[in-house]
Amino acid sequence: MTDLHRTPLYDLHLELGAKMVPFAGYEMPVQYPAGVMKEHLHTRAAAGLFDVSHMGQVLISGSNWEEVASAFETLVPQNVLGLADGRQRYGFFTTPMGGIADDLMFARRGDALFVVINAACKEDDIAHMRANLPASLTIDELDRALIALQGPASEAVLAALDPAAADMRFMDVRALTLDGIEVWASRSGYTGEDGYEISVAPGQATPLARKLLEHTQVEPIGLGARDSLRLEAGLCLYGHDIDTTTTPVEAGLSWAIQTIRRAGGARAGGFPGADIILPQLTAVTERSRVGLLPEGRAPMREGVPLFSDLEGGEPVGHITSGGFGPTVGGPVAMGYLPTDLCAPGTHVFGELRGKRLPLVTTPLPFVAANFKR
Amino acid sequence: MKYTEEHEWLMEEGDLIVVGITEHAAEQLGDVVFVELPEVGTEVSKDEEIVVIESVKAASDILAPLDGEIVEVNEAIVDAPAKVNEDPEGEAWFFKINPSDLSQMDDYMDEAAYKDFIG
């Protein structure tokens with residue numbers, strides 16, 4: 001594991017008894033001694049601290065906001081120009097074929113755009129931005145740690161350190177001072193719970209994490225529970241539920257394409273794959289991402305082929321994420337199916353160890369979001 | 001008590017052998033969420049995959065450690081898979097096998113050898 005990167009919190013993970021695994025080129029904690037199940041349930045009940053420093057953090061700046069935002073709109077189908085200072089949006093880089101090259105969060109910080117991208121995609125994403133954004137813009141990959149604090153107790157934990165944390169709504173971003181440490185915080189996350197994502201200078205990541213962990217409500221949470229939390233929340237994992245072969249419409253991410261970028265909007269199109277994606281917004285795609293509840297107790301994981309019938313026939317789709325949902329108390333999954341099989345309550349079959357077992361299609365999420373809107 | 005390299009424990013109970021997984025295996029698996037046991041009356045061969053065990057992390061198989069007939073299975077761990085983490089070397093046994101060749105027990109480690117094996 002010598003060529004793997006380590007985050008600034010690496011030593012703290014070991015001290016906390018984490019089991020470390022390679023993930024997207026980093027040695028990351030998959031779980032702590034409490035284990036995935038307890039970590040998951042603790043996050044939904046109180047607050048969990050996640051090291052997400054492997055993700056890429058990029059600051060794009062130029063002479064003014066309009067220059068930065070209008071340039072970024074050539075890469076994403078989101079309304080960037082209309083983003084108010086101190087606000088964040090979910091978005092994605094699209095490909096000329098209408099697929100998704102990565103999903104991301106972008107926030108306006110004054111005249112600059114702060115972008116958080118997936119660890120496994122960050123080199124490609126940065127190359128893509130450098131190649132396709134005007135040379136007049138500055139694209140800085142920031143050397144900063146990223147800590148997520150997720151769960152219903154998050155607000156009280158942060159507000160005790162800086163009362164301004166409590167004034168933030170979902171998707172607000174602002175600078176906070178936590179126990180003397182300057183951070184950039186957003187009220188967001190990827191667990192379906194209220195919470196914050198906190199960008200901090202690498203040298204101050206461990207003192208900040210220790211300070212947060214001092215709180216009785218906060219426990220460290222590994223990648224294992226991060227995955228089951230986001231799966232229950234119905235959120236896509238890049239490289240699994242979405243990739244260059246899935247369009248945003250097929251993936252159920254149409255909500256993230258604002259009207260102003262759609263056909264008839266003031267800034268319609270103008271991003272890669274718009275000629276494929278925009279018509280899909282007003283049509284019925286051949287396939288769609290859908291929630292799937294296995295009717296038995298056996299978890300059905302990524303790759304399980306899905307059939308429309310108990311016997312015979314070719315697969316009609318497959319599971320892209322699946323496992324045990326600790327809050328649901330049973331197996332949960334999502335995957336792609338022909339759109340006519342996606343109506344809630346439709347029965348399909350997943351082939352597991354040579355047997356076809358029933359699943360029923362269900363609206364996402366499995367666990368309702370608990371955001372502070 | 002004997003132990004396999006697959007982290008099963010085997011305990012003699014009269015003519016039968018009770019089989020379960022070790023504390024070490026349960027800890028490595030993580031939270032167990034699903035167990036599928038063989039049917040009582042099944043004739044099994046040594047090294048045949050006869051149990052499916054799924055944790056929050058992954059699916060794994062458990063192999064028949066001996067030739068013989070499955071004479072009893074522990075339905076309690078099917079209903080409450082978490083018992084496998086709570087008491088793997090006690091209450092959460094998996095199945096009882098009537099061995100057709102008891103000499104196969106000689107292939108397996110004693111407790112001291114197993115402790116060395118898991119380091």
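Proteins come first, then strands; the chains are lettered A, B, ... in the order of their sequence lines, and each starts at number 1.
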Please look at B/Val35 and chain A and tell me whether the side chain, the backbone, both or neither of the residue comes under 4.5 angstrom of a heavy atom of that chain. neither

So, the part of B/Glu49 with a heavy atom under 4.5 Å from chain A: the answer is neither

Give a yes or no on whether a salt bridge exists between B/Lys2 and B/Glu12, defined as a side-chain N under 4.0 angstrom from a carboxylate O. no

In terms of heavy-atom proximity below 4.5 Å to chain B, should A/Arg301 be classed as side chain, backbone, both, or neither? side chain

Hydrogens and angles aside, do A/Thr320 and A/His240 bring a side-chain donor and acceptor to less than 3.5 Å of each other? no

Contacting moiety of B/Ala82, where chain A heavy atoms sit under 4.5 Å: neither

Check A/Asp241 with A/Arg230, please: is the shortest side-chain N to carboxylate O separation under 4.0 Å? yes

Tell me yes or no: between the side chains of B/Asp67 and B/Ser45, is some donor less than 3.5 Å from an acceptor? no

